[in-house]
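Since the structure comes first, as structure tokens, the remarks are kept for the end.
Proteins get letters first, then strands, A, B, ... in listed order; numbering begins at 1 in each.
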There are 2 protein chains.
Amino acid sequence: MARPIQFDRSKAVDRALVLFWRKGYQATSLADLLAAMGIGRSSFYAAFTDKRSLFLHCLDLFAQRVTELIDRARAEASPLDALQGFFERSFVGTPSARDHWGCMMVNSVIELAGVDDDLASRASHYLAALQKRFQSLLEEAGAAPSEAGELAALLMLINEGIRVSSRRKLPGAPHLPPIAATFRLIRSAIA
Amino acid sequence: MARPIQFDRSKAVDRALVLFWRKGYQATSLADLLAAMGIGRSSFYAAFTDKRSLFLHCLDLFAQRVTELIDRARAEASPLDALQGFFERSFVGTPSARDHWGCMMVNSVIELAGVDDDLASRASHYLAALQKRFQSLLEEAGAAPSEAGELAALLMLINEGIRVSSRRKLPGAPHLPPIAATFRLIRSAIA
DNA sequence: TGAATTCTGGACCAATCGGTTCACAATCGC
DNA sequence: GCGATTGTGAACCGATTGGTCCAGAATTCA
């Protein structure tokens, strides 16, 4: 009946995700997307409805992958180590290009607040969920709920700061000492 | 010879600054600017060259006003109180609309990195200058230079985080406890 | 008042934007 | 093979983008 194999959908989405992550929503033109995804206009609209829908999909995907990242770390380490690893891992080892892309949720909140509030608030919602995850890890580590809430709020602030900072392409790894200091504070508060 | 009084230039720039601050560079169209500034197209180009130049000017102005803000606080309080006030003042008292606009330098870094690197790196440069100001205030408060450097880096992370967070229009004032916790840490580190 | 100068509203421009349409090519069941 | 079905490239669309241009209004000097 039909043509079974078209283009590799998940690969195309990945390419789009990278573009949106790096350049944001507005600066990524349809032409950019088509070139990166290696497909034509009509295939694009047939498969993804429109640019905004695809962005939404990529944003969801990004959030999902971030939580997977934490879950995987948690499976291999203590709650606090997993948490600290989540902050430090982004900046150690082989410096990848991604290190300078920040966080797509943070980027979207900044770029789209006041421009497309639906997209911005969805990104903000995902950040709130991430903060909840921070909190539950802190509670697993023995913090009282209220204390875990406050510390999670602090960690989210640090997280947002790190993602902004990483977009600045500063030389060296200037975020590591503040991260270490923050976790010293957290560990001493919990113990 | 000429027509002496035209439109109020500084007022027009202020209006443009607010627009760029709220909506960012790309989402602010020329039509938006002209409407807000209350001037015509030709006057705009005669006075400000083009949109990008005006944005640059507004960014410079924003950075200058932020440093003035700190200087004024410093004139009336101790180094540490001035510093803490800079972080807390943005969110207490009458909640103004500005509270949700974040920081134009942070916004520009996020929006324009990878899109217009010259603009982005200028914004980043101003953030670096602000961090230096943090550091000198910490040194004034008695911190050793190396320690002041690390604490200033932490404060810049918190600062960036706060500005991101403020764009999310979260209910309440969820940033105050983390700020307080951070300054407890700083004060105990210095004392 | 009249000439000189300057500022400005609005018409105009090419380029680009995201999105639609359609004829054709490619693959399927048979 | 052949008809049916479906994915796709390319032409096309109106809207909007940032930017230019110029005729005329406004103001100053003489």
Side-chain angles (χ1 to χ4, degrees), chain A residues 1-59 108 111-112 114-120 122, chain B residues 1-59 108 111-112 114-120 122:
Chain A
M1 290 202 187
R3 211 203 220 159
I5 299 175
Q6 341 154 13
F7 56 88
D8 186 332
R9 182 185 169 99
S10 77
K11 242 186 186 94
V13 170
D14 272 335
R15 303 262 174 81
L17 169 58
V18 166
L19 261 185
F20 281 134
W21 187 2
R22 281 172 39 194
K23 310 212 308 171
Y25 178 67
Q26 308 177 88
T28 301
S29 73
L30 220 41
D32 293 337
L33 287 168
L34 299 181
M37 301 166 86
I39 65 177
R41 257 183 151 69
S42 63
S43 312
F44 179 92
Y45 282 98
F48 307 108
T49 310
D50 61 11
K51 178 186 167 185
R52 191 174 182 280
S53 302
L54 177 59
F55 181 83
L56 211 59
H57 182 63
C58 290
L59 185 61
S108 302
E111 182 195 353
L112 298 174
V115 176
D116 188 326
D117 283 322
D118 285 344
L119 291 182
R122 174 175 289 234
Chain B
M1 286 206 191
R3 209 203 221 160
I5 297 175
Q6 341 154 12
F7 57 88
D8 186 331
R9 181 185 169 100
S10 78
K11 240 184 189 92
V13 171
D14 271 335
R15 303 264 173 81
L17 169 59
V18 166
L19 261 185
F20 282 135
W21 187 1
R22 280 173 38 194
K23 310 212 308 170
Y25 178 67
Q26 308 177 86
T28 301
S29 72
L30 220 42
D32 292 337
L33 287 169
L34 299 182
M37 301 166 86
I39 65 178
R41 257 184 150 69
S42 63
S43 312
F44 179 92
Y45 281 98
F48 307 107
T49 310
D50 61 10
K51 177 185 167 185
R52 191 175 181 279
S53 302
L54 177 58
F55 182 83
L56 212 60
H57 181 62
C58 290
L59 186 61
S108 302
E111 182 194 354
L112 298 174
V115 176
D116 188 326
D117 283 323
D118 286 344
L119 291 181
R122 173 174 291 233

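Atom pair A/I39:CD1 and D/dG9:P shows a separation of 8 Å (rounding to whole Å applied). In this entry the distance linking CG of A/D8 with P of D/dG7 reads 15 Å, nearest Å. Put simply, CZ on A/F55 is 16 Å from C1' on C/dG18, counting in whole angstrom units. Taking atom CG on B/L33 and atom P on D/dT16, their separation rounds to 17 Å, with Å as the unit. Rounded to a whole Å, the CG atom of B/D32 is 12 Å from the C1' atom of D/dT16. In this entry the distance linking CG of B/D116 with P of D/dG18 reads 14 Å, nearest Å. Per the geometry, CE belonging to A/M37 stands 15 Å off P belonging to D/dG7, to the nearest Å.
Within residues 12-29 of chain A, the residues approached by DNA chain C to less than 4.0 Å at the level of any non-hydrogen atom are A/T28, A/S29, in residue-number order.
B/F48 and B/F7 have tilted rings, their planes meeting at an angle from 30° to 60° on a 0 to 90° scale.
At distances below 3.5 Å, not a single donor-acceptor pair connects side-chain atoms of B/S53 with backbone N or O atoms of B/T49. With hydrogens and angles ignored, the 3.5 Å screen pairs a side-chain donor or acceptor of B/D32 with a backbone N or O of B/S29.
Nearest heavy-atom pair, B/K23 versus A/G114, reported as atom, atom and distance to 0.1 Å: CD-O, 4.1 Å.
Contact annotation: the side chain of A/S108 approaches that of A/F55 to within less than 4.5 Å [non-hydrogen atoms, C-beta and beyond]. In this structure, the side chains of B/M37 and B/L54 come closer than 4.5 Å at one or more pairs of heavy atoms.
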Below 3.5 Å is the cut-off: list the nitrogen or oxygen pairs between protein and nucleotides 19-22 of chain D, distance only.
| residue | atom | partner | partner atom | Å |
| --- | --- | --- | --- | --- |
| D/dG19 | OP2 | B/Y45 | OH | 3.0 |
| D/dG19 | OP2 | B/K51 | N | 3.3 |
| D/dG19 | O5' | B/Y45 | OH | 3.3 |
| D/dG19 | N7 | B/R41 | NE | 3.1 |
| D/dG19 | N7 | B/R41 | NH2 | 3.4 |
| D/dG19 | O6 | B/R41 | NE | 2.5 |
| D/dG19 | O6 | B/R41 | NH2 | 3.4 |

Item to check | Residues A/R122, A/D117; criterion side-chain contact (heavy atoms from CB on, under 4.5 Å); working and verdict | outcome: CA-CA 8 Å; A/R122 174 175 289 234; A/D117 283 322; over 6 Å; no
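Because its NZ or CZ atom is both nearer than 6.0 Å to the ring centre of B/Y25 and within 45° of the ring axis, B/K51 counts as a cation-pi partner of that residue.
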